[in-house]
> 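One structure coming up, written as structure tokens, with questions to follow.
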Amino acid sequence: MRWQPQVVDVIMGKVALDAPLTLAGWVRSRRDSKGGFSFVLLHDGSCFDGLQVVLDASLANYETEILKLSAGCSIRVSGVLLASQGKGQAYELKADTLEVLGWVEDPESYPIAKKRHTLEYLRSVAHLRPRTNTFGAMARMRNSLSQAIHRYFDAHGFFWVNTPIITASDCEGAGEMFRVSTLDFLKLPRNAAGQVDFSQDFFGKEAFLTVSGQLNGEAFCTALSRIYTFGPTFRAENSNTSRHLAEFWMVEPEMAFADLATIADVAEAFLQSVVSDLLNARDADIAFFTEHYDKQLRGRLENVIHQPFARMSYTEAVSILQKSGKEFQFPVQWGLDLQSEHERFLAEEYAKRPVIVMDYPEAIKAFYMRRNDDGKTCAAMDILAPGIGEIIGGSQREERLALLDEKMAPLGLAENLGWYRDLRRYGTIPHAGFGLGFERLLTYATGMENIRDAIPFPRVPGSAEF
RNA sequence: UCCUGGAUAGCUCAGUCGGUAGAGCAAGCGGCUGUUAACCGCUUGGUCGCAGGUUCGAGUCCUGCUCCAGGAGCCA
């Protein structure tokens, strides 16, 4: 088929000058000249820039419609593409006809006025905020980052596996879960002991929304060697912070015949690759975020590509923190988990770039992480990014059945996760993987401070609007 | 969930000692201009988050609630 050109095609120079052109989109602003014409800035979202449309007073609907256009009106314009006579843009569309597709009912109360809005306010009109520069840019960044992630894994032999959203494992080990049920909450079936009888529920047992696709991913890793998941994930934690969502997207590669060092290398190369792709694909959008939200953004992203990440063991990290001379609110002691303030120090002040911390104490990490030979630590790693904190968490998985059983037993996991044990009973292999919070990477890549601005419609405690 | 701060015009905010509401932007009208965060003039626009209380009188003081933001915990 033959596609209608969009603004991006004009900006990229793919549309011939002096040639007929039809564009459709939304009015950002209108400026009238008493020289006998008006300027309308048309955006169609295809790229950061809009295109200036020049409308002569001789147009049939100039008085009746064009002079009444306001921000948000949808229009279709046909005319000729010209080199712009004015400053500020290379091209402009000299219109022969302008058709109003949709008016804005009440321009005064149109939520996206021709002025600056706070991000907090725009969250309250999340259905209209994609029309702003910021959220249009964010949507394009989000898409380009997704595509880059798929591209990286595809290029390196990883298969995308769609792991289930609904799970019956109530102990996936990562926080509170949302219950999935078709039971009538007003008339819950009870068993003899007075407990809710979940055997009558849709799945014949309790079911939840997944908090991670990792365990299912491992099943495919132990057959296809290299796989990754990329999909929605749910946490019912009552977390009210700028870094948490109840529904978010996670990327979880799992690699067979790999150890911790290998997966750390993969994680670093992966981040460098997707950031590099982003810099190439979204120059104008990154320029905007750098100009308006974080002056150091572009430089920081270029650093990710050109500088190797810092690496240290947990034991070294503790030592660095203890010798830092900094007064921390929480104690720094071998065996305790690193707090936000510690992670921030390591990434922002000590290394001033992403840091990979490896070999954490076994006691503070998840059951599936592989015990190291020292008997105290496990083959876990976190990547800490300046301004974000933990952006990736990963590990080599415990492939030795006896050791896995030892760690599953106290958690009572053997019953529900028999299938997970099977992966060690039948042709077990060393393997490793990591989880990446997609929106956390996106906030890092855009310089935005609140993760709620990195997802189209944020779900957080107390709010599932739109 | 905890700590701190906040809620006043469509938006961002000011509002003194408790005395009946103000600005900028937006919007509307007019002027000017190959304009582009335009500019100049005029105009419209308010259940001061909700519910109680104190007071002759509450945007202002008190209590409770709701919502929002930042930080913490949990985590990705």
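Proteins get letters first, then strands, A, B, ... in listed order; numbering begins at 1 in each. In what follows, every heavy atom counts, from backbone to side chain, and hydrogens, waters and symmetry copies are set aside.
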> Between B/U12, B/C68, B/C74, which nucleotide has the shortest distance from any of its atoms to the side chain of A/Ser463?
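In terms of side-chain proximity for A/Ser463, the closest of B/U12, B/C68, B/C74 is B/C68.
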> Nearest to the side chain of A/Gln52, heavy atoms from C-beta on, is which of B/G10, B/U35, B/A72?
B/U35
> In whole angstrom, what separates A/His292's NE2 from B/A37's C1'?
10 Å
> Can you confirm whether A/Phe153 sits close enough to A/Trp160 that some side-chain heavy atom of one is under 4.5 Å from a side-chain heavy atom of the other?
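A/Phe153 vs A/Trp160: side chains apart.
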> Contact between A/Phe309 and A/Leu271 at the side-chain level, heavy atoms closer than 4.5 Å - yes or no?
yes
> Considering only atom C1', compute the distance from B/U8 to B/A58 and round it to an integer number of Å.
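Roughly 14 Å separates the two C1' atoms.
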> Contact class for A/Arg452 vs. all strands (heavy atom < 4.0 Å): base, sugar-phosphate, or nothing?
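Counting heavy atoms under 4.0 Å across all strands, the contact made by A/Arg452 is with sugar-phosphate only.
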> Measure from the side chain of A/Asn238, starting at C-beta and using heavy atoms only, and say which of B/U1, B/U12, B/C75 lies closest.
B/U1
> For A/Ser33 and B/G34, is the shortest distance between a side-chain N/O and OP1 or OP2 below 4.0 Å?
yes
> How far does the C1' atom of B/C62 sit from the matching atom of B/G18, given to the nearest Å?
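Looking at atom C1' only, B/C62 and B/G18 are 13 Å apart.
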> Considering every strand and a 4.0 Å limit on heavy-atom distances, what is the contact class for A/Ser84: base, sugar-phosphate, or nothing?
base
> Using only side-chain N and O atoms of A/Ser70, determine if any of them is under 4.0 Å from OP1 or OP2 of B/A27.
no
> Taking atom C1' in both B/G6 and B/U60, what distance in whole Å separates the two?
15 Å
> Less than 3.5 Å apart, which donor and acceptor atoms pair up between the side chains of residues 455-466 of chain A and the rest of the protein, not counting sequence neighbours?
unit_1	atom_1	unit_2	atom_2	d
A/Arg459	NH1	A/Glu465	O	2.7
A/Arg459	NH2	A/Phe466	O	2.9

> With a 4.0 Å heavy-atom cut-off, tell me which residues in residues 91-105 of chain A come close to RNA chain B, sorted by residue number.
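RNA chain B contact set from residues 91-105 of chain A: A/Glu92.
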> Taking B/U43 as the reference, what is the distance to B/U47 when you measure between their C1' atoms (whole Å, please)?
24 Å
> Looking at side-chain heavy atoms only, is the closest gap between A/Thr134 and A/Tyr293 below 4.5 Å?
yes
> Ignoring hydrogens and geometry beyond distance, is a side-chain donor-acceptor pair present between A/Glu252 and A/Ser212 at under 3.5 Å?
yes
> Below the 4.0 Å mark, does B/G73 have OP1 or OP2 next to a side-chain nitrogen or oxygen of A/Ser239?
no
> Atom OH of A/Tyr121 and atom P of B/A7: how far apart are they, to the nearest Å?
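For the pair A/Tyr121 OH and B/A7 P, the rounded distance is 18 Å.
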> Can you measure A/Arg30 atom CZ to B/U33 atom C1' for me and round it to whole angstrom units?
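Going from A/Arg30 (CZ) to B/U33 (C1'), I get 14 Å.
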> What is the distance, rounded to the nearest whole Å, between atom CG of A/Asp56 and atom C1' of B/G34?
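Answer to the nearest Å: 12 Å.
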> Using whole Å, what does the distance between atom P of nucleotide B/C75 and atom CD1 of A/Ile392 come to?
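Rounding to the nearest Å, CD1 of A/Ile392 and P of B/C75 are 18 Å apart.
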> Watson-Crick or G-U wobble partner for B/C42, using a 3.5 Å limit on both distances?
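B/C42 is paired with B/G28.
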> Just to be sure I understand the rule, does A/Thr118 reach a base, reach only the sugar-phosphate, or reach nothing, if contact means heavy atoms closer than 4.0 Å?
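Sugar-phosphate, backbone atoms only, no base.
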> Base, sugar-phosphate, or nothing for A/Phe438, non-hydrogen atoms under 4.0 angstrom?
nothing
> Please determine, for the side chain of A/Gln85, which listed nucleotide (B/C74, B/G34, B/G10) has the closest atom?
B/G34
> Over how many whole Å does the gap from A/Phe330 atom CZ to B/G73 atom P extend?
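Rounded to whole Å, this separation is 5 Å.
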> Report the nucleotide, chosen from B/U35, B/A72, B/C75, that has the shortest atom-to-atom distance to any side-chain atom of A/Asn240.
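That would be B/A72.
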> Are A/Phe230 and A/His150 close enough that their ring centres sit under 6.0 Å apart?
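Close enough - the centres of the two rings lie under 6.0 Å apart.
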> Contact class for A/His244 vs. all strands (heavy atom < 4.0 Å): base, sugar-phosphate, or nothing?
base
> Can you find a pair of side-chain heavy atoms, one from A/Gln396 and one from A/His431, that are under 4.5 Å apart?
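A side-chain contact under 4.5 Å is absent here.
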> For B/U63 versus B/G5, give the span between their P atoms, rounded off to a whole number of Å.
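That atom pair is separated by 13 Å.
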> A side-chain contact here means heavy atoms from C-beta on lying under 4.5 Å apart; do A/Phe438 and A/Leu145 qualify?
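In short, these two side chains touch, coming nearer than 4.5 Å.
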> May I ask you to say what A/Gln339 touches in the nucleic acid, namely base, sugar-phosphate or nothing, with a heavy-atom cut-off under 4.0 Å?
sugar-phosphate
> What nucleic acid atoms does A/Leu441 come within less than 4.0 Å of, heavy atoms only: base, sugar-phosphate, or nothing?
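The residue A/Leu441 makes no contact with any strand.
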> The side chain of A/Pro107 is closest to which nucleotide in this list: B/A27, B/C11, B/U33?
B/A27
> Any side-chain N or O of A/Arg123 under 4.0 Å from OP1/OP2 of B/A69?
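For B/A69, OP1/OP2 do have a side-chain N/O of A/Arg123 under 4.0 Å.
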> Here's a test of your reading of the structure: between A/Asn450 and A/Tyr110, which maps to the more 5' nucleotide of RNA chain B?
A/Tyr110
> What distance, rounded to whole Å, do you find between the two P atoms, one in B/A37 and one in B/U16?
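These two P atoms come out 37 Å apart once rounded.
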> Using whole Å, report how far CZ of A/Arg31 lies from P of B/U35.
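So the CZ-P distance, A/Arg31 to B/U35, works out to 10 Å.
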> Provide the distance between the two C1' atoms, one in B/G28 and one in B/G45, to the nearest whole Å.
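About 11 Å, rounded to a whole number of Å.
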> Would you kindly say whether A/Thr377 and A/Asn372 are connected by a side-chain donor-acceptor distance under 3.5 Å?
yes
> What residues form a side-chain contact (heavy atoms from CB on, under 4.5 Å) with A/Ser124, not counting sequence neighbours?
A/Tyr121
> Starting at NE2 of A/His342 and ending at P of B/C75, how long is that distance when rounded to a whole Å?
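In whole Å, B/C75 P and A/His342 NE2 are 15 Å from each other.
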